[in-house]
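Read the structure below first, then the notes.
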Amino acid sequence: MKLTRPHRPRTNPLIHSKPRNLCASPNSTPKDDDENDDPHFVSNLSDVVRGKQSWKMAFSDPFISSSLKPHHVEKVLIQNIRNPRLALRFFNFLGLHKSFNHSTTSFCILIHALVQSSLFWPATSLLQTLLLRGLSPNEVFQSLLNSFKKFNCSSSLGFDLLVQNYVQNKRVLDGVVVVRLMRECKILPEVRTLNALLNGLVRSRHFNMVLQLFDELVNVGLRPDAYMYTAMVKSLCELKDLHKANEVIRYAESNGCELSVVTYNVLIHGLCKWQRVWEAVKIKNLLSRKGLKADMVTYCTLVLGLCKVQEFEVGMALMKEMIEMGFVPSEAALSGLMEGLRRKGNIEDAFDLVNKMGEVGVMPNCLLTMR
DNA sequence: GTAGGGTTAG
């Protein structure tokens, strides 16, 4: 239902302060308009936004609605930047109820303002809407940067949100573009943001990109954490640069970074993948010296790695060790080993394993193949 | 938020 026109329309403060350049050609850029604008119009807009009266009422005059331009809104947002919730409500009011076509600048001002107040969810949501406009990562970054500089923002998390958004939408390479632009402007992403990006790159098998990005950021002072080192080790392993993978771990250790068993498991898996199982076993044996313990993944990875090079007896020994330590082997490791033992005709060990498993209540599916 | 098990995007 449409609200009726106010009884005293002349009290609408906006009506008295319409911008002078109503007849400006539609092609004139907002920048040209800026200088000529009646400043009262914008400040009255701000008053209305902050005031108690109904926005619907104040903006019901079609003349006002039609003379309101994105650069006016930008100014109102800036004047209310300390109150991002209010600014957002106004922004949404215009967008939802007036179908107002906001400028990219308005989006960026609000995104930064919301982030400064830790209002990340609405900031992300705004960013998503902005990205629907199909801007290039370069364009979005430049717009964010302009407002970032203009308002002397204390937090650069708006840029992080952009990178995170690209990662979530599987646009990892666009995320890389943004991180590189950030670096050029001496803005460092959060370690968590970067880790999300690096893991996205690993998932999409852009391993060389992981190495490059890591170097670029460490060179400008970023301090990697265990997660970041793990992504590096994984990438190096996939690229078969096992020596460098080892070096990265040594480097992390010498820098006092507390690695978990996961990083070592990644290296162990890499070594197994390239048939360097004995080195992998060595890594596992050195874990206790670092205050770490081999876990299920360590053992299963090694057992499968040993099967790959037909070392079923050693695989069997490790399997026993892991069962003794109370781990229940994965179906994959179990089946791999059983199948190998069976093929080699080592039925004895195979049945030994079946009995051991019976004791802990696990029966491998592959028993069906052992008839 | 990082790891293993045949598994990979665009």
Side-chain angles (χ1 to χ4, degrees), chain A residues 120 124 157 160-161 163-176 189-211 213-214 222-239 242 245-246 248-249 252-253 257-277 280-281 283-284 287 290 292-310 315 318-319 321-323 325 327-340 362 364-366:
Chain A
F120 299 113
T124 304
L157 284 176
D160 283 69
L161 289 189
V163 176
Q164 289 164 16
N165 218 292
Y166 281 136
V167 173
Q168 275 161 16
N169 293 302
K170 315 252 184 236
R171 294 172 61 179
V172 277
L173 296 180
D174 287 338
V176 173
E190 299 266 296
V191 169
R192 282 183 83 109
T193 303
L194 198 57
N195 286 342
L197 179 59
L198 294 182
N199 285 314
L201 288 168
V202 166
R203 274 194 298 277
S204 52
R205 307 189 67 77
H206 290 99
F207 304 117
N208 274 310
M209 189 69 90
V210 173
L211 310 189
L213 214 51
F214 181 90
L222 184 120
R223 278 187 64 89
D225 68 353
Y227 290 88
M228 208 178 290
Y229 285 119
T230 305
M232 278 293 281
V233 172
K234 172 80 179 168
S235 301
L236 287 163
C237 284
E238 290 291 327
L239 293 166
L242 299 163
N246 244 311
V248 165
I249 288 189
E253 288 169 342
C257 182
E258 294 240 339
L259 297 177
S260 75
V261 71
V262 174
T263 314
Y264 297 94
N265 283 345
V266 170
L267 178 61
I268 287 170
H269 178 246
L271 288 164
C272 289
K273 181 185 170 102
W274 302 107
Q275 283 95 46
R276 289 165 61 171
V277 202
V281 174
I283 301 279
K284 175 232 157 210
L287 281 177
K290 305 173 197 291
L292 297 170
K293 276 189 201 150
D295 65 2
M296 244 252 296
V297 175
T298 318
Y299 279 108
C300 291
T301 307
L302 280 172
V303 167
L304 284 163
L306 286 159
C307 289
K308 194 172 188 162
V309 293
Q310 312 284 305
L318 268 181
M319 187 66 97
E321 187 180 318
M322 101 179 262
I323 293 168
M325 296 193 63
F327 294 121
V328 177
S330 68
E331 168 59 32
L334 205 51
S335 305
L337 189 55
M338 295 279 264
E339 175 67 10
V362 175
N365 288 340
C366 63

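Each chain gets a letter, A, B and so on, in the order the sequences are listed, and its residues count up from 1.
Looking at which nucleotide of DNA chain B each of A:V262 and A:R203 is closest to, the 5′-most match is held by A:V262. When the nearest nucleotides of DNA chain B are assigned to A:R192 and A:K170 by heavy-atom distance, the more 5′-ward of the two goes with A:R192.
Atom C1' of nucleotide B:dT2 and atom CD1 of A:I249 are separated by 12 Å, given to the nearest angstrom. Rounding to whole angstrom units, NE2 of residue A:H206 and P of B:dT8 are separated by 14 Å. The separation between A:M209 atom CE and B:dA9 atom C1' is 14 Å, rounded to whole Å.
Nucleotides B:dG4 and B:dG10 have their C1' atoms positioned 27 Å apart, rounded to a whole Å. To the nearest whole angstrom, the two C1' atoms, one in B:dG6 and one in B:dT2, are 22 Å apart.
The side chain to side chain donor-acceptor pair (under 3.5 Å) search around A:R205 returns A:E238, not counting sequence neighbours.
For the pair A:E253/A:L259, a side-chain contact is recorded, criterion being any heavy-atom separation below 4.5 Å from C-beta on. A:L318 is listed as a side-chain neighbour of A:K284, based on a closest heavy-atom distance under 4.5 Å. When side chains are defined from C-beta on, A:H206 does not count as touching A:V176, because their heavy atoms never get closer than 4.5 Å. Here the side chains of A:M232 and A:V210 are in contact, with some heavy-atom distance below 4.5 Å. Counting only heavy atoms from C-beta outward, the side chains of A:Y264 and A:T298 never approach each other to under 4.5 Å. Considering only heavy atoms from C-beta on, A:N246 comes within 4.5 Å of A:I283 through its side chain.
Side-chain atoms of A:E331 and A:S335 include a donor-acceptor pair closer than 3.5 Å.
Non-hydrogen atoms lying under 4.0 Å from DNA chain B are contributed by A:D225, A:Y227, A:T230, all within residues 222-230 of chain A.
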Could you run down the sub-3.5 Å N/O contacts of the protein with nucleotides 4-7 of chain B?
from  : atom 1 : to     : atom 2 : distance (Å)
B:dG4 : OP1    : A:K234 : NZ     : 3.1
B:dG4 : O4'    : A:T301 : OG1    : 3.3
B:dG4 : O3'    : A:H269 : NE2    : 3.2
B:dG4 : N2     : A:S330 : OG     : 3.4
B:dG5 : OP1    : A:H269 : NE2    : 3.0

